[in-house]
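Each chain gets a letter, A, B and so on, in the order the sequences are listed, and its residues count up from 1.
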Amino acid sequence: MLKDVTFGQYYPAQSFAHSLDPRLKILMLIAYIVALFVAKTFYGLALCALFVVAAVFISRVPFGSVLRSVKGILFLLIFTALLNLFLHTGEHLLVEWGIIHIYLEGVLFAVFLMFRLIFLVLGSALLTLTTTPVSLTDGLESLLKPLKYIKFPVHALALIMSIALRFIPTLMDETNRIISAQKARGADFETGNLVKRVKAIIPILIPLLISAFRRAEELGDAMDARCYTNSPNRTKYKKLVFGWRDAVAALVAALLIAGVVLFNVYAYDICPAIYSYVVML
Amino acid sequence: MSNLPEAENTPAAEDFTALSFKNVKFWYPESQAPAVNGVSFSVKKGEFVSVIGHNGSGKSTLARLICGLLEADEGSINVWGIELAGQKNLFEVRRHTGIVFQNPDNQMVASIVEDDVAFGPENLGVEREEIGRRIEQSLAAVGMSEYRHATPTRLSDGQKQRIAVAGVLAIRPDILILDESTAMLDPKGRREVIEVVRRLNREEGMTILLITHFMEEALLAERTIVMNRGEIVMQGTPQDIFENGEALLTYNLDLPEITRIADMLRSRGIDTPPCLRPEELAASISACAAARGLTSLSSPRVSPDEGAKSGDWDIDIRDLTFTYSAGSPFASQALKGIDLHIGEGEFFGIIGHTGSGKSTLIQHLNALIKLPQANKKYKPKKPAKGQNPPVMPRLTVGRYNLADKKCDFLSLRADVGMVFQYPEYQLFAESVFEDVAFGLKNFNKGLSPEEVKERVYAAVRAVGLDPAEICEKSPFDLSGGQKRRVAIAGVIVTRPKILILDEPAAGLDPLGKREIMELLHSLHSEWCKTVIIVSHDMDEIACNCTRACVVSEGRIFDCATPHDLFARYDELLSLGLDVPLTAKLCRILKEDGIDIDCDYTPQGFVSAVAAAFEGGERRA
């Protein structure tokens, strides 16, 4: 039953990573992404790798679950790698075959970009694996709060996200029920050409839309009856509290960026012999 | 509320008028007749008032007028001393009223219980610590404290509805309105919600306005208001209202079952005064026996069960098990070994709680859920050495073997029609004709337009509608009852041999329920061989089914005639299920030394009681 499965890819566990403040986790992810893009060297990349592997270890999410997220960008990975392999020029020619020239620099650069993408996805996946959609929403709302001074409806946006999250399982249930009902009336969703399959969706889509509108109307009434207003005097029960764990994590994130920058600056001093194979940008 | 601090402006006077309507009229846009037509009534503080009326009588409109979700066109509405006029006092009025709607899913804004309960106080600008206290108190008041951090979608409907009540209580309303809040719940969920409402009224002195279709619920009130076509037509104690059965019939309401039984008993010479509770009726039957000097009465035994019928369209289920999300951390076993035989020609009932596995069971019958070995990719596993091969489920429906990969599942679905709960929600086509024809065209691709027309018209006629009048209309322009009939026509149009209906009467008013059951009987005799209904309503099962089974926690508790099944009333009650009214009566009478054996239909019960009296008199 769909409703028994938590929406999203949240992996329930008790860990340091799970208990962190969602705002901090979002900020850490941003810091980590910045670090990934600031890093010009394999040293920096290795530091990011160390960070994300340590984070996965701390989160108690099985490595397999985290790695699965890479599957989704497999095509993009291969495409980027091949493109750079063939187009990047350098000094050390490895293969020459007709119009195809592959240089050592090209291979290294392709590998560099691939790892950057993989680490990017791993980090983001880790955030969604250790944070429920609800607390992600809370975190985003809290982070966006300053925007209300430029009249941006932060609260309304947060409420919209919260309601959307709340109704996803309900509507998935409903979709399944409608599919079953139409199947029982001989509807066929599995065979036929594209046009036929698109047409087959109509008997699902229309009842689903009508139901969604009906639910929206009823929800609107229920919210009105519970005194809903969009006034600034609204209070918020849930308050995110910053604890010592969060301070530790913030420090680690700051160290990560500092480390990456240091590697960028002092890459030559570490080992001059391999300098040109380590620095990519 | 006693344990909660009173709102600052709550007047303390005992005879304070909590709510009053003066000659209120309301029209929905584009409708000729007013939905509420000159209604005047008032409710005192702490009073428990129930409102009954057929679908469309205006009772829900009434509720919406009170909390200002609709604005009256004429007349005046006063809520807790505040005159509701336009948008002016809207917010003030809503602080004093709380309303719980029908569909528990459509009232929740958050994915965590405490966040949802916090929504109301947040809107009122209550400070954080106080919101925390209110969440605690509100959840305690509905008995859901331990679910504070739970996800509402994983709760039962009854629990969800109690969360909805808690969400409303957190606003600290003075008047609680329930707009058919129990209509979508199973009997257990209904009892849970009603228990909460009664306690709030008794212990906290909450003013309650309970809008309902269920007579047993309306009875709990101190006063009942009857609505018909937008007007209040009767008002008084539930006793006065329900004892005046003739009047109720003229307002498109059904007589309560108990009144009907008491009337029948009177016509058989057993003088039972009108009453509303099974205990009272049983007591007056006993008193009647005692007055005639009759002791230890017993009715003739009902002839034993003739056993299940059989024919070409039997259903045979053996060792059926099913697990949702098998192999994942969310796996849950819905069926734990079902053996069941349903014979051709039966009117079969399936009883069970929400989540008992009955929906999973019926979806196997037309292969919406296939047996594992019928899936294309299935390969039998070799059993480990020294172990017996696993027992595979078997399932045959007529000539179809559902365990066979090569079974023609499409024609199976044409022969086994399935009507889901609230089937009207699956209508989609531009016209009734197109919608009804949808299944027919899917199953029989080669039909000529004339044949299609002929068969669609026949199906529409079979569900009691006039094809000439209705076929060109949009299904969305029909009334609720008509929509349901059209949806049923869309299933029976293929002339299925077996028709399965999940809660066919859910959400209908009593008269609508009776009409649907009559429709099913006419389909059973003229259209399909076997009818299978899934129902919570035990009286419905007792009155209509030849046999029934009880599914509990993925197993068959019992499968028998209503006579044999409901004789086990104590066990059924301990499973948390309901029993028919007649079974309740038999149970009480037995304690008084009157042993009634009957098929648990009202007629059967009355005849058995009459026979017991005659037998007793002959002996005397």
Side-chain angles (χ1 to χ4, degrees), chain A residues 1-7 12 132-134 137-138 159 162-163 165-170 173-174 177-188 202-208 210-211 214-229 231-239, chain B residues 64 67 69 91 94-95 97-99 101 103 105-112 114-115 118-128 131-132 135 151-154 167-168 171 324-325 328 330 332 363 366 368 410 413-414 417-418 420 423 425-429 438-439 442-443 476 490-491 494:
Chain A
M1 266 180 277
L2 277 170
K3 71 171 151 195
D4 282 345
V5 184
T6 317
F7 164 71
T132 59
V134 177
T137 315
D138 287 340
L159 190 65
S162 156
I163 289 173
L165 287 178
R166 151 74 192 81
F167 274 90
I168 284 170
T170 307
D173 254 13
E174 175 114 47
R177 199 162 43 238
I178 296 171
I179 290 176
S180 293
Q182 308 299 30
K183 261 189 178 168
R185 292 211 281 161
D188 179 8
I202 294 174
I204 301 171
L205 213 56
I206 292 179
L208 191 63
I210 291 171
S211 143
R214 193 188 58 241
R215 286 180 192 278
E217 217 164 286
E218 285 182 34
L219 182 71
D221 274 352
M223 285 169 65
D224 271 342
R226 282 163 80 184
C227 306
Y228 178 68
T229 62
S231 87
N233 298 333
R234 252 187 131 254
T235 46
K236 180 97 183 136
Y237 169 62
K238 201 158 246 178
K239 205 169 170 188
Chain B
R64 274 153 205 268
C67 13
L69 292 171
F91 206 69
R94 284 180 187 161
R95 297 178 69 129
T97 55
I99 180 164
F101 295 95
N103 190 331
D105 277 325
N106 297 353
Q107 303 176 52
M108 290 192 191
V109 291
S111 307
I112 290 176
E114 65 169 357
D115 291 352
F119 181 72
E122 284 178 345
N123 290 334
L124 296 177
V126 175
E127 57 173 309
R128 257 196 92 235
I131 297 180
I135 293 173
T151 307
T153 37
R154 294 199 192 176
V168 160
I171 300 170
Y324 281 102
S325 321
S328 83
F330 304 105
S332 67
Q363 290 193 47
N366 68 347
L368 283 175
L410 191 68
R413 285 179 191 160
M418 173 92 73
F420 278 77
Y425 292 167
Q426 283 117 37
L427 298 174
F428 69 94
F438 176 69
N442 284 333
F443 290 119
F476 305 108
V491 172
T494 58

Roughly how far, to the nearest 0.5 Å, is the [atom2] atom of [Y] from the [atom1] atom of [X]?
X	Y	atom1	atom2	result
A/K183	B/M418	NZ	CE	12.0 Å
B/F119	A/L159	CZ	CG	5.5 Å
A/D138	B/D115	CG	CG	6.5 Å
B/F420	A/Q182	CZ	CD	9.5 Å
B/L368	A/I179	CG	CD1	11.0 Å
A/I206	B/L427	CD1	CG	11.0 Å

Excluding sequence neighbours, so at least two apart, what forms side-chain hydrogen bond (donor to acceptor under 3.5 Å, both in side chains) with B/N106?
->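 A/R215, A/E218.
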Listed by chain and number, what are the side-chain hydrogen bond (donor to acceptor under 3.5 Å, both in side chains) partners of B/D105, not counting sequence neighbours?
->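 Listed in chain order: B/K160.
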Who among [options] has the most heavy-atom pairs with chain B under 4.5 Å?
options	result
A/D221, A/I163, A/I178	A/D221
A/R214, A/K238, A/K236, A/M223	A/R214
A/S180, A/A225, A/S211, A/A187	A/S180

So what's closer than 4.5 Å to chain B heavy atoms on A/I210: side chain, backbone, both or neither?
->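 Side chain of A/I210 only, per the 4.5 Å heavy-atom cut-off to chain B.
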Contact part of A/T229 toward chain B, heavy-atom cut-off under 4.5 Å: side chain, backbone, both or neither?
->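 Contact with chain B is through both the backbone and side chain of A/T229.
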B/P121 versus chain A, the contacting section by heavy-atom distance below 4.5 Å =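 Backbone only.
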Let me know if B/A414 has heavy atoms under 4.5 Å from chain A in its side chain, its backbone, both or neither.
->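 No part of it gets close to chain A.
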Relative to B/Y425, does A/R177 satisfy both conditions: NZ or CZ under 6.0 angstrom from the six-membered ring centre, and within 45 degrees of the ring's axis?
->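 Because its charged atom misses either the 6.0 Å distance or the 45° angle limit, A/R177 does not stack over B/Y425.
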Just give me the residue among B/F91, B/F438, B/F101 that pairs up with chain A most often, heavy atom to heavy atom, under 4.5 Å.
->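 If we count pairs closer than 4.5 Å to chain A, B/F438 comes out on top.
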Mind ranking B/T151, B/V491, B/V126 by heavy-atom pairs under 4.5 Å with chain A and telling me who comes out on top?
->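 Among B/T151, B/V491, B/V126, the one with the most close pairs to chain A is B/V126.
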When you measure from the side chain of [X] to the backbone of [Y], do you find a donor-acceptor pair of N or O atoms at a distance under 3.5 Å?
X	Y	result
B/Q426	A/P203	no
B/N442	A/R185	yes
A/T170	B/T153	no
B/N123	A/R226	yes
A/T235	B/E127	no
A/R234	B/G125	no

Kindly give the heavy-atom pair with the smallest separation between B/F443 and A/A184, and that separation in Å.
->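 Nearest pair, atom of B/F443 first, then A/A184: CZ-O, 3.7 Å.
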Write down the atom of A/R166, the atom of B/A110, and the distance for their closest heavy-atom approach.
->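 What the structure gives for the nearest pair is CD-O, 3.2 Å.
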